[in-house]
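Here is the structure we will look at.
Predicted, not measured: the structure shown is a model, and the values here were computed from it. Chain letters run A, B, ... following the sequence lines, proteins first and then strands; every chain starts at 1.
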There are 2 protein chains.
Amino acid sequence: MVSIKDVASQAGVSVATVSRVLNSKGYVSEDTRKKVEQAIAELNYKPNEVARSLFKKQSKTIGLIVPDITNPYFPELARAVEDTAAKLGYTVILCNSDGKTEKEQHYLDVLMQKYVDGIIVSSNTISERQIKSLQIPFVSIDREISKDIPTIVVENKKGAKLATQYLQNKGCMRIAHISGPLNVVNANERCEGYKEVVRNEQWFNESYIGNGHFEMDSAIEATLELLQLHPEIDGIFAANDTMAIGAIKAVHKIGKRTPDDIAIVGFDGISLSKATTPELTTIEQPIYEMGEKAASMLIEFIEEKPVEKTFYRLDVGLVERESS
Amino acid sequence: MVSIKDVASQAGVSVATVSRVLNSKGYVSEDTRKKVEQAIAELNYKPNEVARSLFKKQSKTIGLIVPDITNPYFPELARAVEDTAAKLGYTVILCNSDGKTEKEQHYLDVLMQKYVDGIIVSSNTISERQIKSLQIPFVSIDREISKDIPTIVVENKKGAKLATQYLQNKGCMRIAHISGPLNVVNANERCEGYKEVVRNEQWFNESYIGNGHFEMDSAIEATLELLQLHPEIDGIFAANDTMAIGAIKAVHKIGKRTPDDIAIVGFDGISLSKATTPELTTIEQPIYEMGEKAASMLIEFIEEKPVEKTFYRLDVGLVERESS
DNA sequence: TTGAAAGCGCTACCAT
DNA sequence: ATGGTAGCGCTTTCAA
């Protein structure tokens, strides 16, 4: 690799001068700048970012910790983060935590050692203390950890109400809910939204809520149980799209039809939801926008630019398709 | 951040000694090692990887360039790469190229500046010359660039033949193909495999091949055209799962049924293929294994360990589900 | 067995 | 306007 020294001698100047033209900082005469630029071009010189990082104590790199990039919600998020970071001159290190505290802590350590300039995390187990002790810019996405931590989330409760009311308006008389793990804030909020709508219905009781883990198999199982217990169910609101797809499968399995016998609504608006038959009616999150916002906010922190707001609760909307 | 100096003075030794215990290299008496380790623990010292990188000229980081992480094929691949890299002490920088040469070149430059130790790329546009000029370990995945470049691909042709023959065995009399972009090697191989099976059928001619771009909308369009031109088609082999899903939708749209009227087989085995109704019969690639292999091979190169083989063509298999 | 010091490539301060 | 040089945190000779 050609270094700044090579450029300096090639151009017949000192490394200090080369550094100046590199960073457009300090006085450089037009003439010498030309010479240096030519030398750079001739040698195809690219400054060594590692050396820069060591000196500047920042690396133009951010870390992104997600539970599992294989979960269809996260690729779009990751893409948005990467796009935005790249646009602003940053690079992103991807980490999969599987939602496990040890893995998260491990990655946090590794990222700190690599001098990343900031971190975006989607986690329910990480604590405010843990984050604060890092002492670097941080954004929590899709999960609310503390009002004190910059956060991007969506209107979970509102979305859940929207979904449930929509099902009511469609004429559903018995609406069940398949929840996510209730210790996860967003799953809990979605469940609350559902309950708020049906709580006062005379038919309602807690047995209309089945528990899933945000993935398909658990939802199939939950749906099957629900339908056995309450054959009169004619509408299901699932706490995410993957589970809604599981619900569709379960309904199909016992020979009923979607939406004719049972209408189904999901949550998230992952691209998968357009690929199923019937296409899924869902509460759409602005996933790309969330990633974009998280990255740009993080980088504003990093570059110490003024940040107007540090807590975003983005809006969601109903996308009506064929499953309802 | 606490540095090696802090540890040294805390332990009452020189930085050289601390470095020795850090790397278990050179002589250190049991006694002083204990002292140093204690100091490290007390101060919760973590060596600065950037400084290490600068000296060692390697960063324990690898780059992963994919066209688009949002394409359902790549998350699983990325996960495998990340898992394997993490296990071996490496970190991965994710880059989305959209298959564009400029973006690829840009990321290649950036990754070089960051001193990544190696790069894994999925690309059709990148050239052997480009790669060779990088002078760092490199693995091409899912795309064959040159016999000279370490590569992980699958038996595309064999898989395509498998799919087409299977459709024949299922009793299909007129089997169409929806190809990917034919300038992409794997799309071309899959098309060749299909042709090899049907070429000698009396009904066959090139108009049974529709062109898609490996994504859903193009496949819907292609299928609609194909079906209009040849209403007698009773089997479709799509060059990837996303397009197969598009085909299912198109078939559904014109009121025919899958698999009763038209059987459909895809290619890839992405997790999406299990989520559709009907579930997709497909030629399954060992995606995770490919990512795993790519990462471990790359790291073997990086660490200059002996590598037995540098070109893997992994096997594929038919997974029979409901769409056929 | 340990320490002093050079040097990885770069930036920024201080001279000139 | 330009150059010399210290120093970012670490590893690795070389000497002691």
Side-chain angles (χ1 to χ4, degrees), chain A residues 1-40 43-61 89 109-117 136, chain B residues 1-37 39-40 43-61 89 109-117 136 303:
Chain A
M1 267 277 132
V2 13
S3 85
I4 197 172
K5 266 191 194 161
D6 304 316
V7 176
S9 61
Q10 169 91 353
V13 298
S14 76
V15 296
T17 305
V18 177
S19 175
R20 272 186 218 107
V21 348
L22 243 33
N23 300 286
S24 339
K25 210 179 233 173
Y27 301 97
V28 185
S29 78
E30 190 59 16
D31 250 28
T32 51
R33 217 195 62 229
K34 282 259 159 54
K35 275 194 299 187
V36 171
E37 276 166 355
Q38 194 189 337
I40 289 176
L43 300 172
N44 188 26
Y45 165 73
K46 299 270 190 324
N48 178 334
E49 282 299 330
V50 176
R52 277 193 163 154
S53 294
L54 182 60
F55 185 89
K56 299 254 205 101
K57 291 176 181 311
Q58 45 134 303
S59 57
K60 290 276 179 184
T61 303
D109 286 347
V110 170
L111 292 175
M112 292 307 291
Q113 284 178 246
K114 298 232 165 162
Y115 261 76
V116 297
D117 299 335
I136 63 166
Chain B
M1 266 276 132
V2 12
S3 84
I4 198 170
K5 267 191 197 165
D6 304 315
V7 177
S9 60
Q10 169 93 353
V13 298
S14 75
V15 296
T17 305
V18 177
S19 174
R20 274 185 216 107
V21 347
L22 243 33
N23 301 285
S24 338
K25 210 180 235 173
Y27 301 96
V28 186
S29 78
E30 190 59 15
D31 250 28
T32 50
R33 214 193 66 229
K34 283 256 158 55
K35 275 194 301 188
V36 171
E37 276 165 356
I40 289 176
L43 300 173
N44 188 27
Y45 166 72
K46 299 271 189 328
N48 177 334
E49 282 298 331
V50 176
R52 273 192 166 157
S53 294
L54 182 60
F55 187 91
K56 299 256 207 100
K57 293 174 179 311
Q58 47 135 301
S59 57
K60 290 276 177 184
T61 303
D109 286 347
V110 170
L111 292 175
M112 292 306 291
Q113 284 179 246
K114 298 230 166 162
Y115 261 77
V116 297
D117 299 335
I136 65 166
E303 300 182 344

Only distances under 3.5 Å count here; give the side-chain donor-acceptor pairs of residues 10-19 of chain A to other protein atoms, sequence neighbours excluded, each with its distance to 0.1 Å.
| unit_1 | atom_1 | unit_2 | atom_2 | d |
| --- | --- | --- | --- | --- |
| A:Gln10 | NE2 | A:Glu42 | OE1 | 2.4 |
| A:Ser14 | OG | A:Ala16 | N | 3.3 |
| A:Ser14 | OG | A:Thr17 | N | 3.3 |
| A:Ser14 | OG | A:Thr17 | OG1 | 3.3 |
| A:Ser19 | OG | A:Asn23 | ND2 | 3.4 |

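- When DNA chain D is scanned 5' to 3' for any atom under 4.0 Å from a heavy atom of chain A, the first and last hits are D:dA1 to D:dG9.
- In terms of the side-chain contact (heavy atoms from CB on, under 4.5 Å) criterion, residue partners of B:Thr61 (sequence neighbours excluded) are, by chain and number, A:Lys114, B:Ser59, B:Thr91, B:Ile93, B:Val116.
- Residues meeting the salt bridge (charged side-chain N to carboxylate O under 4.0 Å, His left out) test with B:Arg20, sequence neighbours left out: none.
- For the helix from C:dT1-D:dA16 to C:dT16-D:dA1, the terminal axes (five pairs an end, C1' atoms, rotation from four pairs onto the next four) enclose an angle of 50°, given to 10 degrees.
- Sorted by residue number, the members of residues 25-32 of chain A with any non-hydrogen atom under 4.0 Å from DNA chain D read A:Tyr27, A:Val28, A:Ser29, A:Thr32.
- Near DNA chain C, meaning a heavy atom under 4.0 Å from it, residues 10-19 of chain B has B:Val13, B:Ser14, B:Ala16, B:Thr17 in order of number.
- When rounded to the nearest whole Å, the span between CG of B:Asn48 and P of C:dC10 equals 17 Å.
- Residue A:Ile40 contributes atom CD1, which lies 13 Å from atom C1' of C:dC10 at whole-angstrom precision.
- Here the shortest heavy-atom pairing between A:Gln113 and B:Pro47 reads NE2-O, 3.3 Å.
- In this structure, the NZ atom of B:Lys114 is 15 Å from the C1' atom of C:dC10, given to the nearest Å.
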side-chain contact (heavy atoms from CB on, under 4.5 Å) assessment of A:Glu49 paired with B:Tyr115
CA-CA 8 Å; A:Glu49 282 299 330; B:Tyr115 261 77; over 6 Å; no
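- The 12-atom threshold is exceeded at NZ of B:Lys46, counting heavy atoms of other residues, nucleotides or ligands nearer than 6.0 Å.
- Taking OG of A:Ser3 as the start and CG of A:Leu43 as the end, the distance is 9.5 Å to the nearest 0.5 Å.
- Between A:Ile4 and A:Leu22 the shortest side-chain heavy-atom distance falls below 4.5 Å.
- Checked against side-chain contact (heavy atoms from CB on, under 4.5 Å), B:Lys34 has the following partners two or more places apart in sequence or in another chain: B:Glu30.
- We find the CG-CG distance between A:Leu54 and A:Asn48 to be 10.0 Å, quoted to the nearest 0.5 Å.
- Using a 4.5 Å heavy-atom cutoff, the side chains of A:Val50 and B:Val50 are in contact.
- Smallest separation of non-hydrogen atoms from B:Asp6 and B:Met1: OD2-O, 4.3 Å.
- Contact check of residues 49-57 of chain B against DNA chain C (heavy atom, cut-off under 4.0 Å) returns B:Leu54, B:Phe55, B:Lys57.
- Remark: A:Ser29 engages A:Asp31, A:Thr32 in a side-chain contact (heavy atoms from CB on, under 4.5 Å) (not counting sequence neighbours).
- If you take CZ of A:Arg20 and P of C:dC13, they are 11 Å apart, rounded to a whole angstrom.
- The salt bridge (charged side-chain N to carboxylate O under 4.0 Å, His left out) check on B:Glu303 picks up B:Lys60, B:Lys305, with sequence neighbours excluded.
- B:Lys56 meets the side-chain contact (heavy atoms from CB on, under 4.5 Å) test with B:Gln58; sequence neighbours excluded.
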